[in-house]
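Letters A, B, ... mirror the listed sequences (proteins, then strands); counts begin at 1. These figures come from a predicted structure and were not determined experimentally. Basis for what follows: all heavy atoms, side chains included, without hydrogens, waters or symmetry-related copies.
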Protein chains: 2
Amino acid sequence: MDHQTQNAFRALADPTRRDIVRILAGQDMTIAQLTDRFDMTRAAVKKHLTVLSDGGLISVEARGRERINRLEPAGMTPVLDWLSYFDRFWDDRLAHLKDAIERKRHD
Amino acid sequence: MDHQTQNAFRALADPTRRDIVRILAGQDMTIAQLTDRFDMTRAAVKKHLTVLSDGGLISVEARGRERINRLEPAGMTPVLDWLSYFDRFWDDRLAHLKDAIERKRHD
DNA sequence: TTATTAAGATACCATTTGGTATCATGTCAA
DNA sequence: TTGACATGATACCAAATGGTATCTTAATAA
């Protein structure tokens with residue numbers, strides 16, 4: 001039912017994609033730049049980027065013939081929301097991280 | 001490299017498994033009890049439980065001919081650790097949830 | 001203009017995944 | 001003891017997944 005949650009969790013399920021997320025947390029990158037960091041073809045990296053985009057975790061900005069891939073912190077929200085459910089059992093502070101992301105979003 | 005992290009993320013990638021985690025957060029259950037909650041065979045549920053167990057998210061206690069499936073909050077730690085990486089960028093409070101789980105572990 | 005470069009699209013392949021059906025094993029109760 | 005019940009195990013299947021190779025398109029640079 002909740003596609004965003006499913007797509008986000010699915011996006012994070014692959015180690016290559018989690019690495020991409022970390023790399024993009026450091027700096028925006030084109031597909032070619034990202035491909036340099038991995039031992040696979042550009043087409044494979046592109047597929048991962050599509051999955052990450054479906055999960056709302058990255059956005060893509062066209063600049064000339066390049067595509068700048070940028071991390072979308074807000075895309076993590078469905079994941080944190082899901083984790084928050086357990087928050088009720090264990091602790092109530094995950095909400096604060098969500099708030100932080102929300103603030104970041106409006107910078 | 002980090003199998004625990006990979007297995008935990010993989011375990012959470014499926015909606016049925018996330019539902020199982022939520023259900024077990026409410027109360028421990030046998031496979032038969034869990035199967036009642038889903039529109040699939042016991043064998044399918046059992047497979048999901050194996051994946052969850054591989055991810056360290058549940059433990060199983062044999063009691064007579066039954067197997068009691070129990071949520072393992074500590075199994076979520078690798079996931080929260082990974083998310084904590086972004087904490088450095090956005091906020092520093094996810095660590096508190098991790099602490100809470102750690103405390104719960106020693107109850 | 002023309003060659004090069006960055007990326008998109010598609011077809012294809014092997015493996016994994018999520019499911020079923022079926023059979024075997026161990027435990028409880030009459 | 002014997003039958004019923006809870007689970008384990010295995011073989012099998014269709015679809016999804018992660019990857020490659022290849023072709024096309026669009027933008028930049030010489």
query: Do any pairs count as a ring pair (Phe, Tyr, Trp, His ring centres under 6.0 Å) and have a residue in residues 12-34 of chain A, sequence neighbours left out, and if so which ones?
result: none
statement: Those residues at least two apart in sequence (or on a different chain) that pass side-chain hydrogen bond (donor to acceptor under 3.5 Å, both in side chains) with B:Glu61 are B:Arg70
field: Range on DNA chain C touched by chain B - first to last nucleotide, heavy-atom distance under 4.0 Å
entry: C:dT17 to C:dC28
Would you mind writing out the side-chain donor-acceptor pairs for residues 49-57 of chain A within the sub-3.5 Å range, not counting sequence neighbours?
{"unit_1": "A:Thr50", "atom_1": "OG1", "unit_2": "A:Lys46", "atom_2": "O", "d": "3.1"}

Residues in contact with DNA chain D, drawn from residues 52-66 of chain A - heavy-atom cutoff 4.0 Å: A:Gly64, A:Arg65
query: Is B:Gln33 reaching over with its side chain to a backbone N or O of B:Thr30, donor-acceptor style, under 3.5 angstrom?
result: yes
field: Contacts of B:Arg37 that satisfy side-chain hydrogen bond (donor to acceptor under 3.5 Å, both in side chains) - sequence neighbours left out
entry: none
task: Can you tell me which residue pairs pass the ring pair (Phe, Tyr, Trp, His ring centres under 6.0 Å) test with a partner in residues 16-37 of chain A, sequence neighbours excluded?
output: none
message: Which residues in residues 37-46 of chain A have a heavy atom closer than 4.0 Å to any atom of DNA chain C?
response: A:Arg42, A:Lys46
message: Between B:Val60 and B:Ile68, is there a side-chain heavy-atom distance shorter than 4.5 Å?
response: no
message: Between A:Val51 and B:Gln33, which residue's closest nucleotide on DNA chain D lies nearer the 5′ terminus?
response: B:Gln33
- request: Any pair with a residue in residues 10-47 of chain A that passes ring pair (Phe, Tyr, Trp, His ring centres under 6.0 Å), sequence neighbours left out, goes on the list, sorted by first then second residue, please.
  value: none
- request: Round to the nearest Å and state the distance from A:Arg67 atom CZ to D:dT28 atom C1'.
  value: 14 Å
task: Apply side-chain contact (heavy atoms from CB on, under 4.5 Å) to A:Ala44 and list each qualifying residue two or more places apart in sequence or on a separate chain.
output: A:Met40, A:Thr41
Determine all donor-acceptor pairs shorter than 3.5 Å in which one atom belongs to a side chain in residues 5-21 of chain B; sequence neighbours excluded.
{"unit_1": "B:Thr5", "atom_1": "OG1", "unit_2": "B:Asp2", "atom_2": "OD1", "d": "3.4"}
{"unit_1": "B:Thr5", "atom_1": "OG1", "unit_2": "B:Asp2", "atom_2": "OD2", "d": "2.6"}
{"unit_1": "B:Gln6", "atom_1": "OE1", "unit_2": "A:Arg18", "atom_2": "NH1", "d": "3.1"}
{"unit_1": "B:Gln6", "atom_1": "OE1", "unit_2": "A:Arg18", "atom_2": "NH2", "d": "2.8"}
{"unit_1": "B:Gln6", "atom_1": "NE2", "unit_2": "A:Ala13", "atom_2": "O", "d": "3.0"}
{"unit_1": "B:Asn7", "atom_1": "ND2", "unit_2": "B:His3", "atom_2": "O", "d": "3.4"}
{"unit_1": "B:Asp14", "atom_1": "OD2", "unit_2": "B:Thr16", "atom_2": "N", "d": "2.8"}
{"unit_1": "B:Asp14", "atom_1": "OD2", "unit_2": "B:Arg17", "atom_2": "N", "d": "3.2"}
{"unit_1": "B:Arg17", "atom_1": "NE", "unit_2": "B:Ala11", "atom_2": "O", "d": "2.8"}
{"unit_1": "B:Arg17", "atom_1": "NH1", "unit_2": "B:His48", "atom_2": "ND1", "d": "3.1"}
{"unit_1": "B:Arg17", "atom_1": "NH2", "unit_2": "B:Arg10", "atom_2": "O", "d": "3.2"}
{"unit_1": "B:Arg18", "atom_1": "NH1", "unit_2": "A:Gln6", "atom_2": "OE1", "d": "3.0"}
{"unit_1": "B:Arg18", "atom_1": "NH1", "unit_2": "B:Leu12", "atom_2": "O", "d": "2.8"}
{"unit_1": "B:Arg18", "atom_1": "NH2", "unit_2": "A:Gln6", "atom_2": "OE1", "d": "2.8"}

